[in-house]
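Below: the structure, in structure tokens.
Below, each value reflects all heavy atoms present in this structure, side chains not excepted, and no hydrogens, waters or symmetry copies. In this chain, residues are counted from 1 in sequence order.
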Amino acid sequence: MAKDIMTEGKITQMLEWSYEKAINGLPGTDTVEELAENYLKKYSSSDKAIDALIRWQNTKGVTSGFLTGLGGLVTLPVAIPANIASVMFVQIRMIAAIAYMRGYDPKEDEVKTLVFVCLTGQAAADILKQAGIKTGNILARQAIKKIPNEVIKAINKKVGARLLTKFGEKGVINLGKAVPVLGGIIGGAVDGIGTNIIGKTAKNTFTQF
């Protein structure tokens, strides 16, 4: 049944929906910019602020108080389980905030694509390498701004395929057990699918400039 629910097209729609909600905020949640600025104000460097954000995401996960603000999940645009949608929203929000703290504009299409790539965790480097994109240095940012539209589309397709595998039947079952959404806590699932790895991937992908 899970296989009938999850498709690459639906994953792509979910990514777009989650990104828009993460950037602009859902009722009761900060926008990506507000989240990032809150951390930047508390720490002396973007590195420390990013590490703190990743730690918070890993140790506290998402509580019922946060989920209360995710009212939009009730009216999801596609047939994706709410627990997966919640995790995707939270992780995209974290990655986009990291990009912002590094000086990138999350509203740029190229940056959005890199945020999606970071969701694949350890596979991110290979996806970018196959697309001819190098990360990890200041020059990379200029290259990112020149990524052709056809390359962006190809990267997004690879990400969709990767996430479809990640959130396949086994993933849905595992998430369902770990995430009693109505009970209020999805922190276990967030940890379980590698939020720490995703956070570190984002930190390495979005270099300071």
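For the pairing with Val32, the side-chain contact (heavy atoms from CB on, under 4.5 Å) check across Ile23, Ile92, Asn24, Val115 returns one residue only, Ile23.
The two residues Tyr39 and Tyr43 come nearest to each other via the heavy atoms O-CD1, 3.1 Å. Scanning both residues, Cys118 and Ala202, for their nearest heavy atoms gives SG-CA, 3.6 Å.
Taking Lys112 as the reference, Glu16 meet the side chain to side chain donor-acceptor pair (under 3.5 Å) condition, with sequence neighbours excluded. By the side chain to side chain donor-acceptor pair (under 3.5 Å) test, Gln122 is found to be paired with no residue, residues two or more places apart in sequence or in another chain being considered. Applying the side chain to side chain donor-acceptor pair (under 3.5 Å) criterion to Lys129, with sequence neighbours excluded, gives no partner residue. Checked against side-chain contact (heavy atoms from CB on, under 4.5 Å), Lys153 has no partners two or more places apart in sequence or in another chain. Shown here are the side chain to side chain donor-acceptor pair (under 3.5 Å) partners of Thr113, two or more places apart in sequence or in another chain: Asn156. Every residue meeting the side-chain contact (heavy atoms from CB on, under 4.5 Å) condition with Gln130, not counting sequence neighbours, appears here in chain and number order: Asp126, Lys158. Judged as a side-chain contact (heavy atoms from CB on, under 4.5 Å), and not counting sequence neighbours, Ala154 has no contacts. Applying the side-chain contact (heavy atoms from CB on, under 4.5 Å) test to Glu34 and every residue at least two apart in sequence or in another chain returns Asp30, Thr31.
Atom OG1 of Thr12 sits about 8.5 Å away from atom CG of Leu163, to the nearest 0.5 Å. Leu53 CG to Lys203 NZ: the interatomic distance, rounded to the nearest 0.5 Å, is 11.0 Å. The distance from atom CG of Leu114 to atom OG1 of Thr201, rounded to the nearest 0.5 Å, is 12.0 Å. Rounding to the nearest 0.5 Å gives a distance of 8.0 Å between CG of Asp51 and OG of Ser45. With rounding to the nearest 0.5 Å, the separation of CD1 in Ile50 from NZ in Lys200 is 9.5 Å. The distance from the OG atom of Ser18 to the CD atom of Gln91 is 10.5 Å, given to the nearest 0.5 Å.
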Give every donor-acceptor pair under 3.5 Å between a side-chain atom in residues 94-101 and any protein atom, sequence neighbours left out.
{"residue": "Tyr100", "atom": "OH", "partner": "Glu37", "partner atom": "OE2", "Å": "2.7"}

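Between the Arg102 side chain and the Phe206 main chain, a donor and an acceptor come within less than 3.5 Å of each other. A donor-acceptor distance shorter than 3.5 angstrom exists from the side chain of Thr120 to the backbone of Val117, with no hydrogens or angles considered.
Residue pairs meeting the ring pair (Phe, Tyr, Trp, His ring centres under 6.0 Å) criterion with at least one member in residues 107-127, sequence neighbours excluded: Tyr19-Phe116.
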